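Written out below as structure tokens is the structure these notes cover.
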Amino acid sequence: MTDRALVLGGGGITGIAWELGLIAGLAERGIDLTGADLLVGTSAGSVVGAQIATGVDVEERYAAQLVPPAGEIAAALGRGTMVRFGLAMVGPRDPQRVRARIGRLALKAHTVPEAERIRVIGERLPVHEWPERALRIATVDAHTGEFVILDREAGVPLVEAVAASCAVPGIWPPVSTGGRRFIDGGVRSPANADLAAGFSRVVVIAPIMRGIGPLVGVDAQVAALRADGSLVTVVSPDAGAVAAIGRNVLDPSRRAGSARAGRVQAAAAADAVAAVWSS
């Protein structure tokens, strides 16, 4: 087995903030997750993973979560979108076919222009070039439902890869890059922790644990990693973080509170994370 992998799951703009708060709080306690040999990012986690992999200072990015979120676009998973998600679950339960139905929903949705969404994602990433370090970004082909991993070898711009992984179906537009259109990697799994297979020590930071419908959740993937011999710990929001995040993970006004809650939670998570990361 190779060494350490950090898996960063999806969870909207509040998930980005909570993850950065948690990572900053752990670093304050001497646990530096930014030294991971592999970073796996899904949706919100792709933003955080790209920031870490490109060497951005975590304290700086944490501080950025505390200022008013100028330029961010407020959104919510409304009732109509949730109904359409439910309808996408009707039919054959093969995961790829379910993802393809969700992709069709995304392709038909009326959203902000794709260029505007990519601009927002670009502003979240101080560095726009792929890092030398291993960074895997989870996406799904909007037309076929195929799970696609975008990395430095994929030949697509980093900003577009991250925007693709963050393209919540029905809320944000599918992203065109590399001759395909992609949607949120969380449509396959909230964290896609199985991409860390083969690594001896894995820390999974997951704002959302459960998959939708037949789509696999974090627990099942973590169990498989452990069965293969990986030492794994999972951190998800505690009660304080859940309250700070609120009911709408896409609400920019909740960003600062989510970041602070992540930093506070680091105190309780530190021992379990250190037991894996520093063993």
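Quantities reported herein were computed from a predicted structural model and do not represent experimental measurements.
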Taking Arg152 for its side chain and Leu135 for its backbone only, find out whether a donor-acceptor pair lies under 3.5 Å. no
Taking only Lys NZ, Arg NE, NH1 and NH2, and the carboxylate oxygens of Asp or Glu, determine whether Arg201 and Asp3 approach each other closer than 4.0 Å. yes
Do the side chains of Leu38 and Ile149 join up, straight or via other hydrophobic residues, at under 4.5 Å, putting them in one cluster? yes
Could you check whether Arg136 pairs with Asp151 (Lys NZ or Arg NE/NH1/NH2 to Asp/Glu carboxylate O, under 4.0 Å)? no
Check whether more than 12 heavy atoms from other residues, nucleotides or ligands sit under 6.0 Å from atom CD of Glu59, and answer yes or no. yes
Working note: Leu8 + Val40, criterion side chain to side chain contact (heavy atoms under 4.5 Å, CB included); need CA distance, chi angles, decisive distance, verdict. CA-CA 6 Å; Leu8 299 158; Val40 174; over 6 Å; no
Okay, side chain of Thr139, backbone of Val148: is any donor-acceptor separation there less than 3.5 Å? yes
Rounding to 0.5 Å, atoms CG (Leu195) and CG (Leu39) come to a distance of 12.0 Å
Counting C-beta onward and ignoring hydrogens, is there a side-chain heavy-atom pair between Val249 and Trp18 closer than 4.5 Å? no
Does Leu20 share a hydrophobic cluster with Val242, counting links as ILVMFWY side-chain heavy atoms below 4.5 Å and allowing steps through other members? no
Mind checking whether Thr233 and Val204 have side chains closer than 4.5 Å, heavy atoms only? no
Is any side-chain heavy atom of Ile13 closer than 4.5 Å to one of Arg124? yes
So which heavy atom on Gly186 is nearest to which on Thr42, and how close? N-CG2, 3.4 Å
So, do Glu19 and Val48 sit near enough that their side-chain heavy atoms are less than 4.5 Å apart? yes
Ala241 and Ala261 have their tightest heavy-atom pair at CA-CB, 3.6 Å
How long is the straight-line distance from CG of Leu33 back to CD1 of Ile23, given to the nearest 0.5 Å? 6.0 Å
Could you list the residues that satisfy side-chain hydrogen bond (donor to acceptor under 3.5 Å, both in side chains) with Arg104, not counting sequence neighbours? none
Sub-4.5 Å side-chain heavy-atom contact between Leu250 and Ile171: yes
Is it possible for you to check whether Arg117 lies under 6.0 Å from the centre of the six-membered ring of Trp172, through NZ or CZ, and within 45° of that ring's axis? yes
Which of Val187, Val162, Ile16, Asp184 passes side-chain contact (heavy atoms from CB on, under 4.5 Å) with Ser43? It is Asp184
Quick one: are Ser176 and Glu114 in side-chain contact, heavy atoms under 4.5 Å? yes
Could you tell me if the side chain of Ile121 sits less than 4.5 Å from the side chain of Cys166, heavy atoms only? yes
Any ion pair linking Glu146 and Arg99 (charged N to carboxylate O, less than 4.0 Å)? no
Do Ile52 and Tyr62 sit in the same hydrophobic cluster, where Ile, Leu, Val, Met, Phe, Trp and Tyr count as joined when their side-chain heavy atoms come under 4.5 Å apart? no
Are the side chain of Glu160 and the backbone of Val156 linked by a donor-acceptor contact shorter than 3.5 Å? no
Smallest heavy-atom separation, Gly103 atom then Ile183 atom, equals CA-CD1, 3.8 Å
Are any side-chain N or O atoms of Gln221 and backbone N or O atoms of Ala193, one a donor and one an acceptor, separated by less than 3.5 Å? yes
Please check if the side chain of His128 supplies one atom and the backbone of Gly122 the other of a donor-acceptor pair under 3.5 Å. yes
May I ask you to check whether over 12 heavy atoms, not counting those of Arg29, lie within 6.0 Å of atom CZ? yes
May I ask you to decide if Val67's main-chain N or O and Arg255's side chain share a donor-acceptor pair within less than 3.5 Å? yes
Val7 and Val203: side chain to side chain contact (heavy atoms under 4.5 Å, CB included), yes or no, with the steps? CA-CA 6 Å; Val7 176; Val203 171; over 6 Å; no
Nearest 0.5 Å please: distance from the CG atom of Leu150 over to the CD1 atom of Ile137. 6.5 Å
Distance from Ser46 atom OG to Asn192 atom CG, nearest 0.5 Å? 11.0 Å
Step by step, would you call Asp32 with Thr34 a side-chain hydrogen bond (donor to acceptor under 3.5 Å, both in side chains)? CA-CA 5 Å; Asp32 182 12; Thr34 67; 2.4 Å; yes
Would you find a donor on one side and an acceptor on the other, under 3.5 Å apart, between the side chain of Thr54 and the backbone of Gln51? yes
Do Val58 and Leu125 land in one hydrophobic cluster if side-chain heavy atoms of ILVMFWY residues count as linked below 4.5 Å? yes
Might you confirm whether atom CZ of Arg210 has over 12 heavy atoms from other residues, nucleotides or ligands at distances under 6.0 Å? no
Looking at Ser165 and Ala138, would you say the former's side chain and the latter's main chain have a donor-acceptor pair under 3.5 Å? yes
State, to 0.1 Å, how close Ala269 and Leu26 come at their nearest heavy-atom pair, and which atoms those are. C-CD2, 4.4 Å
Quick one: closest heavy-atom pair of Ala44 and Gly12, and the distance? CB-O, 3.4 Å
Treating Ile, Leu, Val, Met, Phe, Trp and Tyr as nodes and any side-chain heavy-atom pair under 4.5 angstrom as an edge, say whether Val232 and Ile208 lie in one connected cluster. no
Calculate, to the nearest 0.5 Å, the distance between atoms CZ and CG belonging to Arg180 and Asp141 respectively. 4.5 Å
I want to check something: taking the side chain as every heavy atom from C-beta on, are Arg188 and Leu215 in contact at a cut-off of under 4.5 Å? no
What's the spacing between Ile118 CD1 and Glu123 CD if we round to 0.5 Å? 12.5 Å
Is the side chain of Asp251 donor-acceptor paired with the backbone N or O of Asn248 at a distance under 3.5 Å, no angle test? no
Would the distance check show the side chain of Ser258 and the main-chain N or O of Arg254 forming a donor-acceptor pair, the cut-off being under 3.5 Å? yes
Between Arg4 and Phe199, is NZ or CZ placed under 6.0 angstrom from the six-membered ring centre and within 45° of the ring axis? no
Correct closest heavy-atom pair for Val216 and Pro190 would be O-CD, 3.3 Å
